[in-house]
Number of protein chains: 2
Amino acid sequence: MRSVTIKDVALHAGVSKKTVSRVINKEANVKDETRQKVQEAIDHLGFKRNPLGMALAKNRSFFIALLADNPSPGYIMNLQKGIMKGCREEQMGVFLYDCSYRSPTLVEEIESFIDNTLADGLILAPPLSDKSELLDMLDRKNISYVQIGAKDKTRGDFVDMDAVKAAYDMTSYLLHLKHRDIGFILGHPDQYTSQRCEQGYRMAFADANLKVDESLIVQGYYTYQSGVDAASVLLNRNTPPSAIFASNDEMAVGVLYTAQSRGISVPKQLSIASIDDTPIVTKVWPNITTMRHPLTSIGYRAATFLIGRLKHKHAGANSSVNISESNETFHCDLVIRESTTLFTG
Amino acid sequence: MRSVTIKDVALHAGVSKKTVSRVINKEANVKDETRQKVQEAIDHLGFKRNPLGMALAKNRSFFIALLADNPSPGYIMNLQKGIMKGCREEQMGVFLYDCSYRSPTLVEEIESFIDNTLADGLILAPPLSDKSELLDMLDRKNISYVQIGAKDKTRGDFVDMDAVKAAYDMTSYLLHLKHRDIGFILGHPDQYTSQRCEQGYRMAFADANLKVDESLIVQGYYTYQSGVDAASVLLNRNTPPSAIFASNDEMAVGVLYTAQSRGISVPKQLSIASIDDTPIVTKVWPNITTMRHPLTSIGYRAATFLIGRLKHKHAGANSSVNISESNETFHCDLVIRESTTLFTG
DNA sequence: CTGAAAGCGCTTACAG
DNA sequence: CTGAAAGCGCTTACAG
């Protein structure tokens, strides 16, 4: 069952293939009458442009890919939703490529993924956005990308959220609830966002003229298990904190588990808070107070940036101006739920 | 920066393009010496076959897509993992297409997705595998697909799990724990798997010579919220059940929330069990007893089936034998965790 | 065992 | 405003 091609349409409409091409690409300079004739032929024959033909001729695939290795399924899902929306609007396909950040051959794997799919551009979710060898390879191959939550903001487009402010706001809220011993669980040390969160935590204390108890800051890795472990450390103290603020939801859920399995009542005996607002946080009991990370908007924006850059890149010689780097920073809103309450020590 | 093509390799090796093509496709009938010469040229020039050229010439894209609209992120993630593994092995790309099952234009949306990407084949996750209009369209377009958890097993390939047995085993286990009033939350009425689970539940009672209390069976929709709602119904009874068995994890987590928010202690006052074993079940406290649904294996198998069928389809005329439909049914294992205990009414 | 020609479905570059 | 020719990078069908 051969499908109908541009050639069939041309024949049917009595014009050249080029003219059909003009019509389907909505180019100017086609007589209305001709355009209509062609359009009728298209409708009549049920013609649909074969993207592969176009891809080969234009030397671009019209696919982009989301590269991810993130311990939080909800994080990726939300991001993905926004990216898909952006891509659908622009008729771009989205590949999902799940990689293992720790793989020693990560960069080669991704390179061969690109060679195999010819993806036009990439969206890099953390922690991949923090991997400079990867960025080097992409630059060398001249592949466009946009980073989410980037460390290296000197190159390429990026979109992120204001992590300092997010952590600041949450810490301030906890302080406002009269908590003073607030355990803080860091994210992965390799990730830029993690450092930014720590900064926000410290700033909130400073602004409240309070001193940070360094022993209350413990290392995590953004995974559920690291939340469990960090909570154990914090809860094993002679004077456990009255609140624990985890840098992401997954860890907060781990904290919740640890507390509950020890018979500690949340929020009565321990308040728990986090950043992200992924779906899991409204599924556990009690629902967790968190900062709403607008991941869907971020994904949408990232897709928009990437597609814009791709368009510009292929506009080519006629506009040799290099468009400046695009970036946008989103803010997170505090969402108060059941896991935090006033300190009544 | 033009990349190196088959033509460059041919020139460099002093052979025809066709011979290069033979080498990269590992065809027989090439003199060893020639093959080596070509291979050297390939290595020397760093040639990599452009998949778009191949796709156009072969009239297939070497992409498949996973179509999903499933309320459980963990379910899709696990499935995806297996599919990607299978596709990576066979050098196929994977698209993810998130659709809305309830959309009135679902079938058209998917059709235009296929037209836009030229995906060679589709993997249909529930509930899409239960949508016969969709299957009709796919058949009409002659697109290969494999269904996961299919209702209509008379057409196409499928892979699923033995839902009757899974529900039977879990119910039996609960019965073994001396529970008699076991609330059962059904899945979505449109989904075949849901009916199968109900069957298993009933069979376990029958085999134990026990009568099912019909009022203990309540409708759910596989979503978290439907689990919350169903649990309310069950827990509002004058004589609430001592155990609740939900047809999937998401609903079980909803049950857990409802119980805990009412101060009901799990498992002391209420045992909770489910089917799937998605990640969330080991994140909540207490961890939920569930049947391990081997979704990653299922995804892998589905990819394998689909790729096999695609290969066969394109082998074409020479082997006009129609390979029979492929299918496989996996079994689930009982995983006992913290949410179930002996009934001591 | 190897190659020249034609073709996949589209676009680019040019001419008129 | 429109079209003929050549090309994108590969494969198929055929010939030898």
Side-chain angles (χ1 to χ4, degrees), chain A residues 1-38 41-42 45-62 91 115-118 120 311 314-318, chain B residues 1-38 41-42 45-62 91 115-118 120 311 314-318:
Chain A
M1 178 182 95
R2 230 189 82 272
S3 46
V4 0
T5 74
I6 206 177
K7 196 173 156 192
D8 303 317
V9 176
L11 235 53
H12 191 94
V15 298
S16 73
K17 291 191 299 173
K18 176 62 214 175
T19 298
V20 177
S21 173
R22 283 197 180 90
V23 172
I24 58 185
N25 287 304
K26 303 194 203 316
E27 282 173 38
N29 295 337
V30 181
K31 221 200 297 181
D32 261 0
E33 188 189 334
T34 311
R35 184 185 302 278
Q36 209 164 333
K37 212 167 51 181
V38 171
I42 288 175
L45 299 172
F47 166 78
K48 280 160 187 169
R49 172 219 272 123
N50 181 326
L52 255 28
M54 177 171 59
L56 187 58
K58 290 212 164 208
N59 192 31
R60 50 185 294 210
S61 68
F62 294 91
Q91 307 254 48
D115 291 336
N116 283 331
T117 61
L118 254 36
D120 285 334
K311 272 187 184 153
H314 288 269
N318 46 347
Chain B
M1 179 182 92
R2 231 190 82 272
S3 46
V4 1
T5 75
I6 206 177
K7 196 173 156 193
D8 303 317
V9 177
L11 236 52
H12 191 94
V15 298
S16 72
K17 291 191 300 174
K18 176 61 212 174
T19 297
V20 177
S21 173
R22 284 196 180 90
V23 172
I24 58 185
N25 287 303
K26 302 194 205 315
E27 282 174 37
N29 294 336
V30 182
K31 221 202 297 183
D32 261 2
E33 189 189 335
T34 312
R35 184 185 303 277
Q36 209 163 332
K37 211 167 51 182
V38 171
I42 288 176
L45 299 172
F47 166 78
K48 279 161 187 170
R49 173 219 270 122
N50 180 326
L52 254 28
M54 178 171 60
L56 186 57
K58 290 211 162 207
N59 192 29
R60 50 185 294 210
S61 68
F62 294 90
Q91 307 254 50
D115 292 336
N116 283 331
T117 61
L118 255 34
D120 286 335
K311 273 187 183 152
H314 284 92
N318 46 348

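Each chain gets a letter, A, B and so on, in the order the sequences are listed, and its residues count up from 1.
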Q | Stacked cation flag R60(A) on F62(A), 6.0 angstrom / 45 deg | A |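 Pair R60(A)/F62(A) counts as cation-pi.
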
Taking atom [atom2] of [N] as reference, at what distance in whole Å does atom [atom1] of [X] sit?
X       : N       : atom1 : atom2 : result
D115(B) : dG9(C)  : CG    : P     : 14 Å
L11(B)  : dG3(C)  : CG    : C1'   : 14 Å
K18(A)  : dT2(D)  : NZ    : P     : 12 Å
F62(A)  : dT11(C) : CZ    : P     : 9 Å
K7(B)   : dG3(C)  : NZ    : P     : 16 Å
N25(A)  : dT2(D)  : CG    : C1'   : 16 Å
L52(A)  : dT11(D) : CG    : P     : 13 Å
K58(A)  : dA13(C) : NZ    : P     : 10 Å

Q. Under 4.0 Å: is that the gap between some side-chain N or O of N50(A) and OP1 or OP2 of dG9(C)?
A. no

Q. Can you find a side chain N or O atom of R49(B) that sits less than 4.0 Å from OP1 or OP2 on dT11(D)?
A. yes

As a test of reading the structure: which of [options] is closest to the side chain of [X], going by heavy atoms?
X      : options                  : result
V15(A) : dC1(D), dG3(D), dT2(C)   : dG3(D)
V30(B) : dT2(D), dC10(C), dT2(C)  : dT2(C)
S21(A) : dC1(C), dT11(C), dT11(D) : dT11(C)
A57(B) : dG9(D), dT2(D), dG3(C)   : dG9(D)

Q: Remember a base hit wins even if backbone is also touched, and classify R22(A) as base, sugar-phosphate or nothing at under 4.0 Å, heavy atoms.
A: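 Base contact.
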
Q) Looking for any heavy atom pair under 4.0 Å, which part of the strands does L56(B) touch: base, sugar-phosphate only, or nothing? A)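 Base, at least one base heavy atom under 4.0 Å.
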
Q. Paired with dA4(D) by Watson-Crick or G-U wobble geometry, both distances under 3.5 Å: which nucleotide is it?
A. none

Q: Please give the nucleotide sitting opposite dA13(D) as a Watson-Crick or G-U wobble pair, both distances under 3.5 Å, or none.
A: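 Pairing partner: none.
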
**Q.** Contact nearer the 5' end of DNA chain C, comparing S16(B) with V20(A)
**A.**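 It is S16(B), whose closest nucleotide lies nearer the 5' terminus.
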
Give the minimum heavy-atom separation between [X] and [Y], together with the two atoms involved.
X      : Y      : result
A41(B) : A13(B) : CB-CB, 3.9 Å
K26(A) : R35(A) : CA-NH1, 4.3 Å
V4(B)  : F47(B) : O-CD1, 3.3 Å

**Q.** N50(B) (side chain) donor-acceptor with L52(B) (main chain) under 3.5 angstrom
**A.**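 Present.
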
Q | Nearest-nucleotide 5' precedence on DNA chain D, A28(A) against K17(A) | A |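 Looking at the nearest nucleotide for each, A28(A) comes out on the 5' side.
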
